[in-house]
Amino acid sequence: ALRLKAFVTLSLSAAMLLGLATHGLASAATVSDDELRAMIVFRLLQFSPWREQDRTEICVIGGPQIHQQLQSISQNSKQKMSVREVKVPPPSSCGVVIVGPDAKRLSVEHAQSKFLICSSCQSKELAAIHLYRNGDKLQFDINQRAAQIGGVHFRSSVLKAANKVEAGS
C-alpha cells in the first residue's frame with residue numbers, strides 16, 4: 001500500500017509538473033507557492049467529478065494570487081474553466097469555492113452544496129479538500145463527509161495521493 005501511495009503521489013506530481021511546464025514555467029525552482037497551489041487545485045478538479053460540473057463556476061474567496069494563477073492555467077488549458085473572485089457569501093452559481101488564507105471564516109450555510117477547497121484557510125473543517133504547507137511540502141487532506149455534502153466523488157488515485165482521508169458518514 002505504501003508503494004502504491006508513493007507511485008500515485010509521484011504520478012500526480014509528475015502530471016502537475018508537466019502541466020506547469022506546458023504553461024511556460026521554466027522549472028519547479030522558479031514556481032511560486034501560489035502557482036503550485038493553483039496547479040494542484042486545477043489537477044484535483046480534473047480528477048474529482050462533482051455535481052453539476054458542466055454548469056458551475058469556480059469561485060475564489062480570499063486568495064487573489066490563486067485566482068490569478070487559476071485563470072491563467074485555465075486560459076492556457078484545453079479544459080477551460082470559468083474562474084472568478086467573489087466575496088462571502090459565494091453566489092449560488094459557484095459550484096466550486098476555493099477559500100484562500102485571506103478569507104474570513106465561512107459559515108456552514110455558505111458551504112452548503114458547494115465543492116469547497118481550503119487553501120490554508122480558517123474553514124478547513126467544512127472543506128472537501130484542505131491544501132496546506134507542511135515544511136517544504138504542499139499536502140492535502142480529504143474530508144469525505146464534506147465531499148458528500150458538496151456532491152464530490154474522488155477517484156481512487158486522488159484518495160491515495162492524499163496525506164489524510166477522513167471518512168464520510
Side-chain angles (χ1 to χ4, degrees), residues 12 15-26 28 30-134 137-143 145-154 158 161-163:
L12 189 57
M16 286 184 238
L17 290 175
L18 180 61
L20 287 171
T22 62
H23 291 94
L25 300 171
T30 62
V31 176
S32 75
D33 196 63
D34 290 318
E35 289 170 322
L36 189 55
R37 285 174 186 266
M39 182 53 72
I40 290 170
V41 167
F42 186 77
R43 293 292 186 220
L44 287 170
L45 290 174
Q46 289 179 318
F47 289 100
S48 306
W50 68 91
R51 177 182 22 216
E52 298 182 25
Q53 185 169 355
D54 297 333
R55 300 183 325 183
T56 58
E57 288 183 292
I58 298 167
C59 299
V60 181
I61 300 171
Q65 296 84 5
I66 295 170
H67 167 250
Q68 290 172 338
Q69 294 301 323
L70 274 173
Q71 268 191 324
S72 175
I73 291 167
S74 178
Q75 289 170 355
N76 294 318
S77 170
K78 290 179 186 174
Q79 182 183 354
K80 304 281 188 248
M81 292 191 224
S82 173
V83 182
R84 70 180 177 135
E85 195 166 13
V86 299
K87 297 191 182 304
V88 175
S92 61
S93 62
C94 299
V96 176
V97 178
I98 300 162
V99 184
D102 300 336
K104 52 185 176 169
R105 188 162 182 73
L106 293 183
S107 69
V108 173
E109 295 80 35
H110 296 148
Q112 286 296 326
S113 302
K114 307 281 187 205
F115 179 179
L116 193 66
I117 300 172
C118 173
S119 180
S120 295
C121 75
Q122 299 178 35
S123 305
K124 65 182 180 181
E125 73 282 355
L126 300 175
I129 296 173
H130 174 223
L131 180 62
Y132 58 96
R133 180 159 289 288
N134 184 5
K137 298 177 186 174
L138 275 175
Q139 296 180 317
F140 66 94
D141 296 339
I142 293 178
N143 178 336
R145 184 173 176 277
Q148 289 169 350
I149 291 169
V152 183
H153 302 283
F154 293 110
V158 172
N163 185 52

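- With a 4.5 Å cut-off on side-chain heavy atoms, Phe115 and Ile58 do not count as touching.
- Screening Val41, Val158, Ile117 for a side-chain contact (heavy atoms from CB on, under 4.5 Å) with Phe140, the sole residue that qualifies is Val158.
- Take Asp102 and apply the salt bridge (Lys or Arg N to Asp or Glu O under 4.0 Å) test, not counting sequence neighbours, and it matches no residue.
- Of the possible donor and acceptor atoms, one in the side chain of Ser48 sits under 3.5 Å from a partner among the backbone N and O of Leu44.
- The heavy-atom pair separating Lys104 from Val88 by the smallest distance is CE-CB, 4.4 Å.
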Problem set entry | Working for side chain to side chain donor-acceptor pair (under 3.5 Å), residues Arg145 and Gln148 | CA-CA 5 Å; Arg145 184 173 176 277; Gln148 289 169 350; over 6 Å; no
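- Shown here for Ala128 and Ala146, the closest heavy-atom pair between the two residues is N-CB, 3.7 Å.
- Remark: Phe154 engages no residue in a ring pair (Phe, Tyr, Trp, His ring centres under 6.0 Å) (not counting sequence neighbours).
- With rounding to the nearest 0.5 Å, the separation of CG in Leu70 from NE2 in His67 is 8.0 Å.
- Residue Leu116 is tested with Leu106, Ile61, Val96 for a side-chain contact (heavy atoms from CB on, under 4.5 Å); the sole match is Leu106.
- Taking CD of Gln65 as the start and OG of Ser32 as the end, the distance is 8.5 Å to the nearest 0.5 Å.
- Nearest heavy atoms, Arg133 versus Ser120: N-OG, 4.3 Å.
- Note on Glu125 versus Arg105: salt bridge recorded, some NZ/NE/NH1/NH2 to OD/OE distance being below 4.0 Å.
- Sorted by first and then second residue, the disulfide bond (SG atoms under 2.5 Å apart) pairs with a member in residues 56-97 read Cys59-Cys94; sequence neighbours excluded.
- In summary, of the residues considered (Ile66, Ile129, Asp33, Leu138), a side-chain contact (heavy atoms from CB on, under 4.5 Å) with Ser119 occurs for Ile66 alone.
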